[in-house]
Amino acid sequence: MNENVPPIEAIDLHKHFGQLEVLRGIDFTVDAQEVVCVVGPSGSGKSTLLRCVNLLEVPTAGKVLVEGIDMTDPETDVDAVRARIGMVFQQFNLFPHLTVLRNLTIAQQKVLKRSEDEANEEARKVLERVGLSDKVDEFPIRLSGGQQQRVAIARSLSMNPDMMLFDEPTSALDPELVGEVLDVMRGLAQEGMTMMVVTHEMGFARQVGDRVVFMDEGIIVEEGPPDDVLLNPQHERTQRFLQAVLRQ
Amino acid sequence: MKKTTKQKLRRAILYLVFVLAVVLFAVLADWGQIQTSFFNLDVAAEMLPRVFTVAAKNTIVYTFTAFSFGLVLALVLALMKRSEIRPYRWVANSYIELFRGLPALVTIIFVAYGLPIALDIRIPGGLLGQGTVGLGLVAAAYMAETLRAGIEAVPRGQMEAARSLGMSRGAAMRSIVLPQAFRIIIPPLTNELVLLIKDTSLFFVLGSTPVNKELTKFGRDLMTQKFNATPLVVIALVYLIITLPLTRLVAQLEKRAARAR
Ligand SMILES: Nc1ncnc2c1ncn2[C@@H]1O[C@H](COP(=O)(O)OP(=O)(O)OP(=O)(O)O)[C@@H](O)[C@H]1O
Ligand SMILES: [Mg+2]
(Lines give C-alpha, C1' and ligand atoms only; values in the text may rest on other atoms or scores of the structure.)
(Ligands and ions follow the chains in the order given, each with its own letter.)
Protein backbone atom coordinates (compact mmCIF):
# COMPACT_ATOMS: atom_id res chain seq x y z
CA MET A 1 0.00 0.00 0.00
CA ASN A 2 1.23 3.43 -0.91
CA GLU A 3 1.83 5.30 2.35
CA ASN A 4 0.85 8.59 0.78
CA VAL A 5 -2.64 7.53 -0.22
CA PRO A 6 -5.11 8.33 2.56
CA PRO A 7 -7.25 5.37 3.69
CA ILE A 8 -10.45 7.36 3.18
CA GLU A 9 -11.06 10.34 0.98
CA ALA A 10 -14.42 11.88 0.05
CA ILE A 11 -14.61 14.41 -2.76
CA ASP A 12 -17.66 16.63 -3.16
CA LEU A 13 -19.93 13.89 -1.92
CA HIS A 14 -23.69 14.24 -2.43
CA LYS A 15 -26.47 11.90 -1.42
CA HIS A 16 -30.18 12.29 -2.07
CA PHE A 17 -33.03 10.13 -0.86
CA GLY A 18 -35.69 11.13 -3.35
CA GLN A 19 -36.23 14.84 -2.77
CA LEU A 20 -34.31 14.82 0.49
CA GLU A 21 -30.74 16.06 0.15
CA VAL A 22 -28.91 14.36 2.99
CA LEU A 23 -25.29 15.02 2.00
CA ARG A 24 -24.66 18.32 0.27
CA GLY A 25 -21.04 18.33 -0.80
CA ILE A 26 -18.70 16.67 1.65
CA ASP A 27 -14.95 16.86 1.27
CA PHE A 28 -12.81 15.15 3.82
CA THR A 29 -9.93 12.81 4.43
CA VAL A 30 -8.98 10.28 7.04
CA ASP A 31 -5.24 9.72 7.24
CA ALA A 32 -3.53 6.48 8.15
CA GLN A 33 -3.74 5.66 11.88
CA GLU A 34 -5.92 8.67 12.45
CA VAL A 35 -9.03 8.55 14.66
CA VAL A 36 -11.71 10.88 13.32
CA CYS A 37 -14.85 11.41 15.37
CA VAL A 38 -17.96 12.63 13.58
CA VAL A 39 -20.48 14.49 15.71
CA GLY A 40 -23.64 16.39 14.91
CA PRO A 41 -27.36 16.56 15.51
CA SER A 42 -29.73 13.75 14.61
CA GLY A 43 -30.52 13.63 10.91
CA SER A 44 -27.46 15.63 9.91
CA GLY A 45 -26.24 12.80 7.67
CA LYS A 46 -23.50 11.23 9.82
CA SER A 47 -24.62 7.64 9.27
CA THR A 48 -25.20 8.28 5.60
CA LEU A 49 -21.67 9.63 5.23
CA LEU A 50 -20.21 6.60 7.01
CA ARG A 51 -22.29 4.23 4.91
CA CYS A 52 -21.15 5.92 1.71
CA VAL A 53 -17.55 5.03 2.59
CA ASN A 54 -18.15 1.30 2.15
CA LEU A 55 -20.91 1.86 -0.37
CA LEU A 56 -23.76 0.57 1.78
CA GLU A 57 -25.27 3.77 0.40
CA VAL A 58 -24.42 4.69 -3.17
CA PRO A 59 -23.52 8.38 -3.45
CA THR A 60 -25.64 10.43 -5.81
CA ALA A 61 -22.63 12.47 -6.90
CA GLY A 62 -19.01 12.87 -5.96
CA LYS A 63 -16.38 10.31 -5.15
CA VAL A 64 -15.31 8.08 -2.31
CA LEU A 65 -11.77 6.79 -2.48
CA VAL A 66 -10.71 3.99 -0.17
CA GLU A 67 -6.95 3.54 -0.20
CA GLY A 68 -7.07 5.34 -3.49
CA ILE A 69 -9.66 3.03 -5.03
CA ASP A 70 -12.75 4.76 -6.40
CA MET A 71 -15.69 2.99 -4.75
CA THR A 72 -18.23 4.43 -7.17
CA ASP A 73 -16.35 3.20 -10.23
CA PRO A 74 -18.43 0.34 -11.68
CA GLU A 75 -15.19 -1.55 -12.38
CA THR A 76 -14.25 -1.63 -8.70
CA ASP A 77 -14.60 -4.93 -6.86
CA VAL A 78 -16.53 -3.40 -3.99
CA ASP A 79 -16.70 -6.67 -2.03
CA ALA A 80 -12.91 -6.94 -1.99
CA VAL A 81 -12.54 -3.37 -0.68
CA ARG A 82 -15.28 -3.86 1.91
CA ALA A 83 -13.40 -6.84 3.29
CA ARG A 84 -10.65 -4.40 4.29
CA ILE A 85 -13.07 -1.99 6.02
CA GLY A 86 -14.47 -3.09 9.36
CA MET A 87 -17.90 -1.73 10.20
CA VAL A 88 -19.61 -1.65 13.58
CA PHE A 89 -23.31 -0.81 13.79
CA GLN A 90 -25.40 0.80 16.48
CA GLN A 91 -27.62 -2.31 16.63
CA PHE A 92 -24.62 -4.74 16.60
CA ASN A 93 -26.18 -6.79 13.77
CA LEU A 94 -24.64 -10.02 14.94
CA PHE A 95 -25.88 -13.11 13.11
CA PRO A 96 -28.36 -14.54 15.64
CA HIS A 97 -28.49 -18.01 14.12
CA LEU A 98 -24.74 -18.53 14.48
CA THR A 99 -22.53 -19.01 17.52
CA VAL A 100 -20.08 -16.29 18.48
CA LEU A 101 -17.26 -18.29 16.94
CA ARG A 102 -19.15 -18.83 13.69
CA ASN A 103 -20.06 -15.13 13.60
CA LEU A 104 -16.33 -14.49 13.48
CA THR A 105 -15.33 -17.22 11.06
CA ILE A 106 -18.00 -17.21 8.37
CA ALA A 107 -16.70 -14.21 6.43
CA GLN A 108 -13.08 -15.21 6.97
CA GLN A 109 -13.83 -18.48 5.24
CA LYS A 110 -16.23 -17.24 2.57
CA VAL A 111 -14.46 -14.00 1.69
CA LEU A 112 -10.80 -14.46 2.62
CA LYS A 113 -10.94 -18.19 1.82
CA ARG A 114 -9.19 -19.07 5.06
CA SER A 115 -9.35 -22.67 6.19
CA GLU A 116 -11.58 -23.50 9.12
CA ASP A 117 -8.57 -23.96 11.39
CA GLU A 118 -7.03 -20.64 10.39
CA ALA A 119 -10.35 -18.86 10.82
CA ASN A 120 -10.96 -20.43 14.24
CA GLU A 121 -7.48 -19.51 15.40
CA GLU A 122 -7.89 -15.89 14.29
CA ALA A 123 -11.37 -15.74 15.86
CA ARG A 124 -10.10 -16.97 19.22
CA LYS A 125 -7.25 -14.50 19.09
CA VAL A 126 -9.52 -11.47 18.56
CA LEU A 127 -12.09 -12.73 21.04
CA GLU A 128 -9.37 -12.83 23.66
CA ARG A 129 -8.42 -9.31 22.71
CA VAL A 130 -11.96 -8.05 23.40
CA GLY A 131 -12.11 -10.14 26.59
CA LEU A 132 -14.70 -12.69 25.49
CA SER A 133 -12.73 -15.90 25.20
CA ASP A 134 -15.25 -17.70 27.38
CA LYS A 135 -18.15 -16.89 25.03
CA VAL A 136 -16.99 -18.66 21.86
CA ASP A 137 -19.81 -21.19 21.83
CA GLU A 138 -22.62 -18.93 23.01
CA PHE A 139 -25.32 -17.58 20.76
CA PRO A 140 -25.45 -13.77 20.56
CA ILE A 141 -28.85 -13.52 22.24
CA ARG A 142 -27.33 -14.88 25.46
CA LEU A 143 -24.87 -11.99 25.71
CA SER A 144 -25.31 -8.54 27.21
CA GLY A 145 -25.44 -5.57 24.86
CA GLY A 146 -21.88 -4.61 25.69
CA GLN A 147 -20.67 -8.14 25.04
CA GLN A 148 -22.58 -8.28 21.77
CA GLN A 149 -20.97 -5.07 20.58
CA ARG A 150 -17.54 -6.37 21.54
CA VAL A 151 -18.25 -9.52 19.52
CA ALA A 152 -19.30 -7.30 16.61
CA ILE A 153 -15.99 -5.43 16.85
CA ALA A 154 -14.16 -8.76 17.06
CA ARG A 155 -16.04 -9.96 13.99
CA SER A 156 -14.70 -7.00 12.03
CA LEU A 157 -11.21 -7.40 13.45
CA SER A 158 -11.06 -11.05 12.49
CA MET A 159 -10.93 -9.89 8.88
CA ASN A 160 -7.74 -7.94 9.70
CA PRO A 161 -9.14 -4.72 8.28
CA ASP A 162 -7.03 -1.71 7.37
CA MET A 163 -9.59 0.65 8.90
CA MET A 164 -12.73 0.61 11.02
CA LEU A 165 -16.00 2.50 10.76
CA PHE A 166 -18.18 2.87 13.87
CA ASP A 167 -21.76 4.15 13.71
CA GLU A 168 -22.78 5.17 17.22
CA PRO A 169 -21.44 1.92 18.67
CA THR A 170 -22.57 2.71 22.22
CA SER A 171 -25.91 4.43 21.60
CA ALA A 172 -27.98 1.27 22.02
CA LEU A 173 -26.25 0.28 25.26
CA ASP A 174 -27.27 0.72 28.87
CA PRO A 175 -25.03 3.40 30.40
CA GLU A 176 -23.13 0.93 32.58
CA LEU A 177 -22.11 -1.09 29.49
CA VAL A 178 -20.76 1.81 27.46
CA GLY A 179 -17.35 1.76 29.14
CA GLU A 180 -16.36 -1.75 28.16
CA VAL A 181 -16.98 -1.02 24.48
CA LEU A 182 -15.17 2.32 24.55
CA ASP A 183 -12.22 0.60 26.24
CA VAL A 184 -11.92 -1.82 23.36
CA MET A 185 -12.07 1.05 20.88
CA ARG A 186 -9.47 3.00 22.84
CA GLY A 187 -7.20 -0.01 22.69
CA LEU A 188 -7.63 -0.20 18.93
CA ALA A 189 -6.79 3.47 18.55
CA GLN A 190 -3.65 3.05 20.61
CA GLU A 191 -2.52 0.21 18.40
CA GLY A 192 -2.76 2.53 15.45
CA MET A 193 -6.01 1.48 13.80
CA THR A 194 -7.42 3.99 11.35
CA MET A 195 -10.88 4.80 12.68
CA MET A 196 -13.89 6.86 11.70
CA VAL A 197 -16.32 7.05 14.61
CA VAL A 198 -19.80 8.57 14.60
CA THR A 199 -20.50 9.16 18.28
CA HIS A 200 -22.31 11.18 20.88
CA GLU A 201 -19.63 10.35 23.46
CA MET A 202 -17.89 13.71 23.68
CA GLY A 203 -15.50 12.42 26.34
CA PHE A 204 -14.31 9.67 24.01
CA ALA A 205 -14.00 12.12 21.12
CA ARG A 206 -11.80 14.41 23.20
CA GLN A 207 -9.58 11.73 24.67
CA VAL A 208 -9.18 9.38 21.75
CA GLY A 209 -10.00 11.43 18.68
CA ASP A 210 -7.19 12.99 16.67
CA ARG A 211 -9.75 15.12 14.92
CA VAL A 212 -13.40 15.97 15.37
CA VAL A 213 -15.74 16.67 12.47
CA PHE A 214 -18.96 18.53 13.19
CA MET A 215 -21.75 17.96 10.65
CA ASP A 216 -25.06 19.69 10.29
CA GLU A 217 -27.67 19.51 7.53
CA GLY A 218 -25.48 17.50 5.21
CA ILE A 219 -22.31 19.57 5.31
CA ILE A 220 -19.18 19.66 7.43
CA VAL A 221 -19.53 22.86 9.43
CA GLU A 222 -16.30 22.67 11.33
CA GLU A 223 -13.41 20.30 11.90
CA GLY A 224 -10.14 20.26 13.75
CA PRO A 225 -8.38 18.99 16.88
CA PRO A 226 -10.94 17.82 19.49
CA ASP A 227 -10.14 20.51 22.00
CA ASP A 228 -10.56 23.25 19.40
CA VAL A 229 -13.86 22.01 18.05
CA LEU A 230 -15.38 20.82 21.30
CA LEU A 231 -14.09 23.46 23.74
CA ASN A 232 -13.71 26.45 21.49
CA PRO A 233 -16.07 26.07 18.54
CA GLN A 234 -15.92 28.83 15.96
CA HIS A 235 -19.31 28.38 14.39
CA GLU A 236 -22.56 29.32 15.97
CA ARG A 237 -24.22 26.03 14.95
CA THR A 238 -21.45 24.02 16.61
CA GLN A 239 -21.80 26.10 19.75
CA ARG A 240 -25.54 25.54 19.88
CA PHE A 241 -25.15 21.79 19.34
CA LEU A 242 -22.52 21.44 22.05
CA GLN A 243 -24.56 23.46 24.50
CA ALA A 244 -27.54 21.21 23.84
CA VAL A 245 -25.38 18.11 24.36
CA LEU A 246 -23.85 19.43 27.57
CA ARG A 247 -27.23 20.29 29.01
CA GLN A 248 -28.24 16.64 28.90
CA MET B 1 -79.83 -9.15 38.13
CA LYS B 2 -82.53 -9.56 35.57
CA LYS B 3 -79.98 -9.74 32.83
CA THR B 4 -78.07 -12.65 34.33
CA THR B 5 -81.27 -14.62 34.78
CA LYS B 6 -82.00 -14.10 31.13
CA GLN B 7 -78.51 -15.21 30.18
CA LYS B 8 -78.81 -18.32 32.33
CA LEU B 9 -82.11 -19.15 30.69
CA ARG B 10 -80.65 -18.80 27.22
CA ARG B 11 -77.77 -21.03 28.16
CA ALA B 12 -80.14 -23.67 29.54
CA ILE B 13 -82.16 -23.64 26.34
CA LEU B 14 -79.07 -24.08 24.19
CA TYR B 15 -77.95 -27.06 26.26
CA LEU B 16 -81.45 -28.53 26.07
CA VAL B 17 -81.50 -28.26 22.29
CA PHE B 18 -78.14 -29.99 22.12
CA VAL B 19 -79.22 -32.85 24.37
CA LEU B 20 -82.47 -33.27 22.44
CA ALA B 21 -80.62 -33.42 19.14
CA VAL B 22 -78.25 -36.08 20.45
CA VAL B 23 -81.10 -38.16 21.87
CA LEU B 24 -83.10 -37.82 18.67
CA PHE B 25 -80.10 -38.87 16.59
CA ALA B 26 -79.42 -41.85 18.85
CA VAL B 27 -83.02 -43.00 18.72
CA LEU B 28 -83.65 -42.46 15.04
CA ALA B 29 -80.32 -43.66 13.67
CA ASP B 30 -80.07 -47.20 12.48
CA TRP B 31 -77.05 -48.26 14.50
CA GLY B 32 -76.77 -51.63 12.90
CA GLN B 33 -76.74 -50.04 9.47
CA ILE B 34 -74.21 -47.41 10.51
CA GLN B 35 -71.90 -49.99 11.96
CA THR B 36 -71.96 -52.29 8.92
CA SER B 37 -71.62 -49.38 6.44
CA PHE B 38 -69.02 -47.25 8.19
CA PHE B 39 -67.30 -49.38 10.79
CA ASN B 40 -67.22 -52.76 9.21
CA LEU B 41 -64.23 -54.45 10.82
CA ASP B 42 -63.97 -57.15 8.17
CA VAL B 43 -63.65 -54.57 5.42
CA ALA B 44 -61.21 -52.58 7.51
CA ALA B 45 -59.08 -55.66 8.18
CA GLU B 46 -58.87 -56.33 4.47
CA MET B 47 -57.27 -52.93 3.96
CA LEU B 48 -54.30 -53.87 6.08
CA PRO B 49 -51.46 -53.62 5.53
CA ARG B 50 -51.79 -52.01 2.10
CA VAL B 51 -53.47 -48.87 3.39
CA PHE B 52 -50.14 -48.12 5.07
CA THR B 53 -47.57 -49.85 2.88
CA VAL B 54 -49.02 -48.61 -0.41
CA ALA B 55 -51.59 -45.85 -0.01
CA ALA B 56 -50.20 -43.87 2.93
CA LYS B 57 -46.66 -44.37 1.68
CA ASN B 58 -47.63 -43.02 -1.76
CA THR B 59 -49.42 -40.04 -0.25
CA ILE B 60 -46.31 -39.19 1.75
CA VAL B 61 -43.94 -39.71 -1.19
CA TYR B 62 -46.11 -37.56 -3.48
CA THR B 63 -46.41 -34.88 -0.85
CA PHE B 64 -42.69 -34.59 -0.19
CA THR B 65 -41.79 -34.70 -3.86
CA ALA B 66 -44.29 -31.95 -4.69
CA PHE B 67 -43.17 -29.99 -1.62
CA SER B 68 -39.47 -30.21 -2.49
CA PHE B 69 -40.02 -29.27 -6.11
CA GLY B 70 -42.37 -26.49 -5.08
CA LEU B 71 -39.96 -25.13 -2.48
CA VAL B 72 -37.05 -24.93 -4.89
CA LEU B 73 -39.22 -23.18 -7.45
CA ALA B 74 -40.64 -20.92 -4.74
CA LEU B 75 -37.14 -19.87 -3.73
CA VAL B 76 -36.34 -18.91 -7.31
CA LEU B 77 -39.61 -16.98 -7.55
CA ALA B 78 -39.10 -15.21 -4.22
CA LEU B 79 -35.61 -14.10 -5.23
CA MET B 80 -36.89 -13.01 -8.65
CA LYS B 81 -39.62 -11.05 -6.93
CA ARG B 82 -36.97 -9.18 -4.97
CA SER B 83 -34.68 -8.73 -7.96
CA GLU B 84 -33.56 -5.29 -9.02
CA ILE B 85 -34.33 -6.30 -12.59
CA ARG B 86 -37.90 -5.38 -13.44
CA PRO B 87 -38.71 -8.18 -15.95
CA TYR B 88 -37.75 -10.77 -13.31
CA ARG B 89 -40.15 -9.21 -10.84
CA TRP B 90 -42.81 -9.09 -13.49
CA VAL B 91 -42.43 -12.75 -14.40
CA ALA B 92 -42.49 -13.81 -10.75
CA ASN B 93 -45.56 -11.72 -10.00
CA SER B 94 -47.45 -13.04 -13.00
CA TYR B 95 -46.56 -16.60 -12.14
CA ILE B 96 -47.74 -16.20 -8.57
CA GLU B 97 -51.01 -14.52 -9.56
CA LEU B 98 -51.69 -17.12 -12.25
CA PHE B 99 -51.15 -20.24 -10.18
CA ARG B 100 -52.83 -18.89 -7.08
CA GLY B 101 -55.86 -18.05 -9.17
CA LEU B 102 -56.30 -21.47 -10.78
CA PRO B 103 -57.72 -24.62 -9.19
CA ALA B 104 -54.87 -27.06 -8.53
CA LEU B 105 -56.84 -29.66 -10.44
CA VAL B 106 -56.65 -27.61 -13.63
CA THR B 107 -52.87 -27.36 -13.34
CA ILE B 108 -52.52 -31.08 -12.69
CA ILE B 109 -54.72 -31.95 -15.68
CA PHE B 110 -52.80 -29.50 -17.81
CA VAL B 111 -49.44 -31.01 -16.91
CA ALA B 112 -50.62 -34.59 -17.34
CA TYR B 113 -52.91 -34.27 -20.37
CA GLY B 114 -52.64 -30.75 -21.74
CA LEU B 115 -48.89 -30.68 -22.30
CA PRO B 116 -48.74 -33.99 -24.24
CA ILE B 117 -51.65 -32.97 -26.46
CA ALA B 118 -50.64 -29.37 -27.02
CA LEU B 119 -46.86 -29.53 -27.17
CA ASP B 120 -46.07 -33.21 -27.22
CA ILE B 121 -44.25 -32.77 -23.94
CA ARG B 122 -44.57 -35.68 -21.58
CA ILE B 123 -43.35 -35.24 -18.03
CA PRO B 124 -41.62 -38.51 -17.13
CA GLY B 125 -42.31 -40.52 -14.01
CA GLY B 126 -45.95 -41.31 -14.68
CA LEU B 127 -48.37 -40.34 -11.96
CA LEU B 128 -45.57 -39.45 -9.54
CA GLY B 129 -43.87 -37.16 -12.03
CA GLN B 130 -46.89 -35.50 -13.56
CA GLY B 131 -48.93 -35.18 -10.39
CA THR B 132 -46.12 -33.77 -8.29
CA VAL B 133 -45.01 -31.36 -10.99
CA GLY B 134 -48.57 -30.08 -11.33
CA LEU B 135 -49.06 -29.78 -7.61
CA GLY B 136 -45.55 -28.38 -7.09
CA LEU B 137 -46.20 -25.63 -9.63
CA VAL B 138 -49.19 -24.52 -7.60
CA ALA B 139 -47.50 -24.91 -4.22
CA ALA B 140 -44.56 -22.83 -5.45
CA ALA B 141 -46.83 -19.84 -5.98
CA TYR B 142 -48.02 -19.93 -2.39
CA MET B 143 -44.65 -20.75 -0.88
CA ALA B 144 -42.95 -17.98 -2.88
CA GLU B 145 -45.11 -15.43 -1.09
CA THR B 146 -44.36 -17.05 2.26
CA LEU B 147 -40.63 -17.07 1.52
CA ARG B 148 -40.63 -13.47 0.40
CA ALA B 149 -42.34 -12.48 3.63
CA GLY B 150 -39.75 -14.50 5.55
CA ILE B 151 -36.85 -12.84 3.75
CA GLU B 152 -38.35 -9.43 4.40
CA ALA B 153 -38.83 -10.27 8.07
CA VAL B 154 -35.06 -10.62 8.50
CA PRO B 155 -33.78 -7.19 9.61
CA ARG B 156 -31.97 -5.23 6.93
CA GLY B 157 -28.96 -4.92 9.20
CA GLN B 158 -28.21 -8.61 8.68
CA MET B 159 -27.65 -8.19 4.97
CA GLU B 160 -25.70 -4.98 5.61
CA ALA B 161 -23.46 -6.58 8.21
CA ALA B 162 -22.73 -9.47 5.87
CA ARG B 163 -22.04 -7.16 2.92
CA SER B 164 -19.81 -4.92 5.03
CA LEU B 165 -17.66 -7.98 5.76
CA GLY B 166 -17.14 -8.37 2.02
CA MET B 167 -19.64 -11.12 1.36
CA SER B 168 -21.34 -11.02 -2.02
CA ARG B 169 -25.09 -10.52 -2.20
CA GLY B 170 -25.57 -14.19 -3.05
CA ALA B 171 -23.34 -15.46 -0.25
CA ALA B 172 -25.00 -13.14 2.27
CA MET B 173 -28.41 -14.31 1.12
CA ARG B 174 -27.43 -17.98 1.34
CA SER B 175 -25.60 -18.11 4.62
CA ILE B 176 -27.08 -15.20 6.59
CA VAL B 177 -30.55 -14.16 5.40
CA LEU B 178 -32.13 -17.38 4.14
CA PRO B 179 -31.34 -19.53 7.20
CA GLN B 180 -33.06 -16.93 9.36
CA ALA B 181 -35.95 -16.52 6.91
CA PHE B 182 -36.59 -20.27 6.90
CA ARG B 183 -36.65 -20.34 10.66
CA ILE B 184 -39.30 -17.65 10.65
CA ILE B 185 -41.50 -19.42 8.11
CA ILE B 186 -41.39 -22.97 9.46
CA PRO B 187 -44.99 -22.66 10.73
CA PRO B 188 -46.55 -21.42 7.45
CA LEU B 189 -44.43 -23.88 5.46
CA THR B 190 -45.71 -26.73 7.62
CA ASN B 191 -49.23 -25.52 6.96
CA GLU B 192 -48.45 -25.63 3.26
CA LEU B 193 -47.23 -29.18 3.72
CA VAL B 194 -50.54 -30.16 5.33
CA LEU B 195 -52.45 -28.60 2.43
CA LEU B 196 -50.29 -30.57 0.00
CA ILE B 197 -50.98 -33.83 1.81
CA LYS B 198 -54.66 -33.24 1.25
CA ASP B 199 -54.19 -32.04 -2.32
CA THR B 200 -52.46 -35.26 -3.38
CA SER B 201 -56.01 -36.66 -3.35
CA LEU B 202 -56.46 -34.75 -6.63
CA PHE B 203 -54.20 -37.30 -8.30
CA PHE B 204 -57.27 -39.47 -8.75
CA VAL B 205 -57.76 -37.77 -12.14
CA LEU B 206 -54.53 -39.29 -13.36
CA GLY B 207 -55.83 -42.86 -13.24
CA SER B 208 -53.93 -45.43 -11.25
CA THR B 209 -52.33 -48.81 -11.01
CA PRO B 210 -52.54 -51.05 -7.92
CA VAL B 211 -49.18 -49.80 -6.73
CA ASN B 212 -49.42 -46.05 -7.25
CA LYS B 213 -52.72 -45.24 -5.55
CA GLU B 214 -52.62 -42.64 -2.84
CA LEU B 215 -54.98 -42.74 0.13
CA THR B 216 -58.08 -41.21 -1.40
CA LYS B 217 -58.02 -43.24 -4.60
CA PHE B 218 -57.24 -46.36 -2.61
CA GLY B 219 -60.19 -45.78 -0.28
CA ARG B 220 -62.58 -44.78 -2.99
CA ASP B 221 -61.84 -47.77 -5.21
CA LEU B 222 -62.29 -50.12 -2.30
CA MET B 223 -65.52 -48.42 -1.36
CA THR B 224 -67.07 -49.00 -4.76
CA GLN B 225 -65.66 -52.50 -4.90
CA LYS B 226 -67.05 -53.50 -1.48
CA PHE B 227 -70.09 -51.25 -1.70
CA ASN B 228 -69.25 -50.13 1.82
CA ALA B 229 -68.12 -46.80 3.26
CA THR B 230 -65.70 -48.23 5.82
CA PRO B 231 -62.65 -47.65 3.58
CA LEU B 232 -63.39 -43.92 3.61
CA VAL B 233 -63.52 -43.89 7.40
CA VAL B 234 -60.21 -45.75 7.54
CA ILE B 235 -58.40 -43.44 5.15
CA ALA B 236 -59.85 -40.43 6.96
CA LEU B 237 -58.25 -41.77 10.13
CA VAL B 238 -54.95 -42.31 8.35
CA TYR B 239 -55.02 -38.74 7.01
CA LEU B 240 -55.57 -37.50 10.54
CA ILE B 241 -52.72 -39.65 11.85
CA ILE B 242 -50.46 -37.86 9.37
CA THR B 243 -51.82 -34.32 9.57
CA LEU B 244 -52.72 -33.91 13.25
CA PRO B 245 -49.14 -34.11 14.55
CA LEU B 246 -48.15 -31.53 11.94
CA THR B 247 -50.93 -29.08 12.76
CA ARG B 248 -50.20 -29.52 16.47
CA LEU B 249 -46.53 -28.84 15.74
CA VAL B 250 -47.44 -25.64 13.92
CA ALA B 251 -49.61 -24.49 16.81
CA GLN B 252 -46.75 -25.09 19.21
CA LEU B 253 -44.17 -23.37 17.05
CA GLU B 254 -46.44 -20.36 16.68
CA LYS B 255 -47.01 -20.24 20.41
CA ARG B 256 -43.28 -20.34 21.01
CA ALA B 257 -42.65 -17.65 18.39
CA ALA B 258 -45.30 -15.45 20.01
CA ARG B 259 -43.65 -15.92 23.38
CA ALA B 260 -40.21 -15.08 22.00
CA ARG B 261 -41.56 -11.79 20.64
N1 LIG C 1 -32.68 4.83 3.27
C2 LIG C 1 -33.19 6.06 3.49
N3 LIG C 1 -34.27 6.50 2.80
C4 LIG C 1 -34.78 7.72 3.00
N5 LIG C 1 -34.29 8.61 3.87
C6 LIG C 1 -33.22 8.25 4.60
C7 LIG C 1 -32.62 6.96 4.45
N8 LIG C 1 -31.57 6.88 5.31
C9 LIG C 1 -31.53 8.06 5.96
N10 LIG C 1 -32.51 8.89 5.54
C11 LIG C 1 -32.73 10.26 6.01
O12 LIG C 1 -31.55 10.98 5.84
C13 LIG C 1 -31.36 11.90 6.89
C14 LIG C 1 -30.00 11.70 7.50
O15 LIG C 1 -29.96 10.42 8.07
P16 LIG C 1 -28.69 9.86 8.84
O17 LIG C 1 -29.06 8.54 9.35
O18 LIG C 1 -27.49 9.94 7.97
O19 LIG C 1 -28.54 10.90 10.03
P20 LIG C 1 -27.64 10.81 11.31
O21 LIG C 1 -26.84 12.04 11.34
O22 LIG C 1 -26.91 9.52 11.33
O23 LIG C 1 -28.71 10.86 12.48
P24 LIG C 1 -28.75 10.06 13.88
O25 LIG C 1 -27.87 10.81 14.82
O26 LIG C 1 -30.19 10.13 14.26
O27 LIG C 1 -28.28 8.67 13.60
C28 LIG C 1 -32.49 11.68 7.85
O29 LIG C 1 -33.46 12.67 7.64
C30 LIG C 1 -33.03 10.33 7.48
O31 LIG C 1 -34.41 10.26 7.72
MG1 LIG D 1 -27.07 7.75 12.48
Side-chain angles (χ1 to χ4, degrees), chain A residues 47 50-58 66 77-98 102-114 119 139-141 148-149 151-167 172, chain B residues 71 74-75 78-79 82-86 88-89 143 146-190 249-250 252-261:
Chain A
S47 298
L50 204 66
R51 293 158 59 85
C52 279
V53 171
N54 66 356
L55 221 67
L56 283 183
E57 301 289 358
V58 181
V66 172
D77 181 357
V78 173
D79 290 342
V81 183
R82 278 181 181 148
R84 304 209 298 265
I85 312 172
M87 181 147 193
V88 176
F89 302 85
Q90 185 175 348
Q91 300 298 337
F92 326 138
N93 294 351
L94 291 177
F95 306 133
H97 62 303
L98 304 177
R102 194 73 188 118
N103 262 275
L104 270 65
T105 56
I106 190 159
Q108 290 187 62
Q109 291 181 246
K110 297 219 182 277
V111 178
L112 303 180
K113 309 291 177 200
R114 288 181 183 157
F139 281 90
I141 192 141
Q148 287 191 46
Q149 193 61 298
V151 171
I153 294 173
R155 179 174 66 181
S156 287
L157 290 177
S158 69
M159 300 291 286
N160 310 115
D162 296 341
M163 66 199 81
M164 295 276 291
L165 310 175
F166 294 85
D167 191 357
Chain B
L71 193 57
L75 187 57
L79 294 177
R82 291 178 49 80
S83 167
E84 284 154 20
I85 299 162
R86 195 186 293 264
Y88 283 1
R89 292 202 301 268
M143 290 196 282
T146 307
L147 257 170
R148 184 189 55 83
I151 292 171
E152 274 163 21
V154 176
R156 234 172 51 139
Q158 292 293 307
M159 177 58 95
E160 290 182 348
R163 297 304 305 273
S164 75
L165 289 164
M167 291 167 81
S168 68
R169 204 175 130 87
M173 191 50 107
R174 266 194 314 278
S175 45
I176 304 300
V177 177
L178 282 181
Q180 295 183 57
F182 270 107
R183 228 163 269 200
I184 295 169
I185 60 169
I186 285 174
L189 275 190
T190 313
L249 178 72
V250 172
Q252 244 169 40
L253 289 172
E254 277 171 348
K255 216 190 287 168
R256 200 192 310 163
R259 235 183 294 131
R261 228 173 274 132

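Labels below follow one simple rule: chain letters A, B, ... track the order of the sequence lines, proteins then strands, and each chain is numbered from 1. Source: prediction; values computed, not measured.
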Relative to chain B, which segment of A/R155 carries a heavy atom at a distance below 4.5 Å: side chain, backbone, both, or neither? both
Closest non-hydrogen contact found for B/S175 with A/H97 is O-NE2, 3.1 Å
Distance, nearest 0.5 Å, that separates CE of B/M159 from CG of A/N93: 12.5 Å
With a 4.5 angstrom heavy-atom cut-off, could you sort out which part of A/L112 is near chain B: side chain, backbone, both or neither? neither
Within a 6.0 Å radius of atom CD on B/E152, are there more than 12 heavy atoms belonging to other residues, nucleotides or ligands? yes
Run the side-chain contact (heavy atoms from CB on, under 4.5 Å) check on A/I106 and B/I176 step by step: do they pass? CA-CA 9 Å; A/I106 190 159; B/I176 304 300; 4.1 Å; yes
Does a sphere of radius 6.0 Å around CZ in B/R169 hold more than 12 heavy atoms from other residues, nucleotides or ligands, not counting ones at 6.0 Å or beyond? no
Are there more than 12 heavy atoms of other residues, nucleotides or ligands under 6.0 Å from atom CZ of A/F139? yes
Kindly give the heavy-atom pair with the smallest separation between A/A107 and B/L165, and that separation in Å. CB-CB, 3.7 Å
Chain B: which of A/M87, A/R51, A/M159 shares the most heavy-atom pairs with it under 4.5 Å? A/R51
Chain A interface, residue from B/A162, B/G166, B/A161, B/S164 that has the most non-hydrogen pairs under 4.5 Å: B/G166
Salt bridge flag under 4.0 Å for residues A/D79 and B/R163: yes
Interface moiety of B/A172 toward chain A, non-hydrogen atoms closer than 4.5 Å: neither
Between B/Q158 and A/L94 (side chain of the first, backbone of the second, donor and acceptor by atom type, cut-off under 3.5 Å), is there such a pair? yes
Counting only heavy atoms closer than 4.5 Å, note whether A/F95 contacts chain B via side chain, backbone, both or neither. both
Where does B/R156 contact chain A at under 4.5 Å (heavy atoms): side chain, backbone, both or neither? side chain
